[in-house]
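Let me begin by presenting the structure, written as structure tokens, before commenting on it.
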Amino acid sequence: MGKGGQSEGNGAQCEENMAAWLLGVNTLKIQPFKLPSLGPNDVRVAMKAVGICGSDVHYLKSMSCGDYYVKEPMVIGHECAGIIKEVGSKVKSLAPGDKVALEPGIACWRCKPCKEGRYNLCDEMKFFATPPIHGSLANQIVHPADLCFKLPEGMSLEEGAMCEPLSVGVYACQRANASPKTSVLIMGAGPIGLVTLLAARAFGVSKIVVADVDEVRLAIAKDLGATAVIKSSQNMEDVGKELELIKEALGGAEADVTFDCVGFGKTMTTALKATSRGGKVCLVGMGHSDMTVPLTPAAGREVDIVGIFRYKNTWPLCIDFITSGKIDVKPLITHRFGFSQKEIEEAFATSARGGSAIKVMFNL
Amino acid sequence: MELGEEENKAAWLLGVKTLKIQPYHLPPLGAHDVKVRMKAVGICGSDVHHFKHMRCGNFIVKKPMVIGHECAGTVEEVGSEVKSLQVGNRVALEPGISCSQCHLCKDGRYNLCREMKFFGSPPTNGALANLVVHPANLCFKLPDNVSLEEGAMCEPLSVGIHACRRAKISPQTKVLIMGAGPIGLVTMLAARVFGAPKIIIADIDDSRLSFAKDLGADEIIQVSTNIQDVGEEVVKIQNAMGANVDVSFDCVGFDKTMSTALNATGAGGKVCLVGMGRSEMTIPLTPAAAREVDVIGIFRYRNTWPLCIEFLKSRKIDVKPLITHRFKFTEEQVEEAFETSAQGGNAIKVMFSL
């Protein structure tokens, strides 16, 4: 896991493990990836389904994402599922042949946030494809067994890979206390807005309004269960008008919980104004760092802003939601590619384009 | 008015910076009301704002209104159904009458009631008067060792208490307070009593900072009004804390103070916005949200008087040092009192004695 360097040493018929390496801006190359040796609590997994995330695209385009910088070649990708090939000497929960979905981040379990159960905020987090940690768009990777979750019969590997983005939506709903009592507004119908929509429905929310600038994405949201969709603009002057539409869509009321899955001044302004007193705005999207927002009037109505960083302890719940049919992630997978040089480049270009491309999935 | 009955007078806000003491006709006493003779009334920043601008936020003074809401006095008359109070009781008043019918009230969040009638928030008349009529359940009996001035101080102290509750202050939370004005100070007093192990307070005014130090701040930090200084000030704050800032209270409410609070607070912490400086702010919200630093809003308070009184009675909180100036309820002194409060600086709480 992580750095890789030592050879596998598992005997004969060991074909060379290949991975998609990020070498520079817009430069991805499939090259050998030497795995570390298998620790007693690790498993070796053959990757079968790997999705592309907005952060992966960001790294490709700029070799950075937020405060993280890619300073040396790094394997990309983190939304993944596969089949166990080998288990470490102490692993009892998994066996070769098991289909698993992987939670990307290895926390340290020694720092304060870890010990308090907020391991997503770990000071020493090692997360697939967050530099300098290698990702999982590879033939095989090595990972701690406790971060590999067995998929029940009937759940596909692609659905397994979707647990990662779905976890963001599920965790956001947990932090924001979405429930049958809360009406919900979601700003943004991209992959994150859509998984948040699916999660909100699974959490029992009955009124969900989704706003976006893109009609195609709004139509997808409607199909996925949004009670109403609203076409918004990028124009600050339209906030007032859009608030009227949102209110009308909510039957004349304000939203109890709003998820900003975009993260710009305008979406956050709308979110703060559209949320009822005592409600919550959950900022999920990471559009702009600095934002100009009407914070004081919102705080003066006790509208709290809840932050989100990735997720914690969400895989078992995601797997439950998918196997019980409460959540169907399959419609989100709009494009599929194989694991070849030509295809990885095309896949990332497709994902970067946005629009009708929601989740681009690699099948290995 | 009956023969021999005194004429009730109050301080009426008639226009910008125009306060006049004039007759104030009280409504009849309801079955659950009491009539209270006002003895101590403090001036709040919002009163000053109404005085200077005839408005405060979304509240606009459209007709003459009695000012003032931080008050305590003695019960003169009780309504027919009132059992909890008697004539002669000394009481501190919670200003706001909520509707008890909306879902916010019924959910226990009555401070957010849309039909709230609050002393001195237009159009509801305030309490800077000889006498007021108020629901008995909003009048809290003061123990013998708590003065009427301390009773009036329960109102601003309640803001600090409510903020500390919403922000979940405990012996585990190290606290940063932006602003050492009256609100920053009551927040500090409340944080201390809720067990905060370390409290740092920041302000631009070094005399307010030394006042805060005397009141018990562990560290004081002088900051500027220059947004470029945020980075450097955050480092100073974090070094002074020697550990993560768990909770920050912005008791000022400007871009700079909020940016400092957001950047200085450790991952998983909270920033509580108490101050109402600016409506719109340009702030580094995303990086804070991506560290799960939540922003908690505050509107007035709820269910705080009994706790305030308990803290005052047990001397766990001493609000008396905050009362820096006193005035009488006369035409000459009323305007001077407001000007003194408006000037800020070494004027923390200006109190009327009636």
Side-chain angles (χ1 to χ4, degrees), chain A residues 65-67 111-113 116-123 125 171-172 175-176 181 236 253 256 260 262-265 268-269 271-272 275-312, chain B residues 56-58 102-104 107-114 116 162-163 166-167 172 227 243-244 246 250 252-255 258-259 262 265-302:
Chain A
C65 191
D67 286 332
C111 69
K112 185 163 174 281
E116 286 178 355
R118 295 185 81 169
Y119 69 84
N120 57 317
L121 300 176
C122 173
D123 297 334
M125 175 64 84
Y171 181 56
R175 281 218 91 213
K181 287 171 85 176
M236 274 307 275
D256 298 305
D260 183 356
V262 183
F264 290 135
M268 203 53 195
T269 295
L272 287 168
T275 304
S276 68
R277 40 192 65 205
K280 287 181 169 59
V281 173
C282 186
L283 177 52
V284 193
M286 296 194 263
H288 282 157
S289 186
D290 267 8
M291 289 199 231
T292 301
V293 286
L295 185 61
T296 304
R301 295 182 302 115
E302 295 196 357
V303 171
D304 298 337
I305 299 177
V306 174
I308 291 293
F309 186 60
R310 298 178 180 142
Y311 35 69
K312 59 184 168 85
Chain B
C56 190
N58 286 334
C102 68
H103 80 273
L104 288 158
D107 228 18
R109 299 185 77 171
Y110 67 81
N111 57 316
L112 301 175
C113 175
R114 285 187 167 84
M116 175 68 85
H162 179 59
R166 282 219 87 215
Q172 296 182 98
I227 195 102
N244 271 347
D246 299 302
D250 183 356
V252 183
F254 288 134
D255 297 34
M258 200 57 194
S259 298
L262 287 167
T265 303
K270 296 177 169 65
V271 174
C272 187
L273 178 52
V274 193
M276 295 193 264
R278 287 245 181 291
S279 186
E280 274 212 341
M281 294 198 222
T282 301
I283 43 175
L285 188 57
T286 303
R291 294 180 306 112
E292 295 193 358
V293 171
D294 298 338
V295 177
I296 310 272
I298 292 295
F299 186 60
R300 296 179 181 145
Y301 35 69
R302 47 176 182 262

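Lettering of chains follows the sequences in order, A, B, ..., and the numbering in each one begins at 1.
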Between chain A and each of [options], count heavy-atom pairs under 4.5 Å; write down the option with the most.
options                      : value
B:Ser279, B:Pro284, B:Ala267 : B:Ser279
B:Arg291, B:Arg278, B:Arg166 : B:Arg166
B:Ile283, B:Leu285, B:Asp250 : B:Ile283

Quiz item: Is the closest basic N to carboxylate O distance between B:Arg302 and A:Glu302 below 4.0 Å?
Solution: yes

Chain B heavy atoms under 4.5 Å from [X]: which part of the residue, side chain, backbone, both or neither?
X        : answer
A:Asn120 : side chain
A:Lys112 : side chain
A:Leu121 : side chain
A:Arg310 : neither

4.5 Å side-chain heavy-atom contact, [X] and [Y]:
X        : Y        : result
A:Val293 : B:Glu280 : no
A:Asp304 : B:Asp294 : no
B:Thr286 : A:Met291 : yes

Exercise. Enumerate the residue pairs fulfilling ring-ring contact (aromatic ring centres under 6.0 Å, His included) with a member in residues 275-295 of chain A, sequence neighbours excluded, ordered by first and then second residue.
Key: A:Phe264-A:His288

Contact class of [X] relative to chain A, heavy atoms under 4.5 angstrom:
X        : answer
B:Leu104 : side chain
B:His162 : side chain
B:Asn111 : side chain

Quiz item: If only atom types and distance count, is the side chain of A:Arg301 paired as donor or acceptor with the main-chain N or O of B:Leu112 below 3.5 Å?
Solution: no

Exercise. State the OG1-CG distance between A:Thr292 and B:Asp255, to the nearest 0.5 angstrom.
Key: 7.5 Å

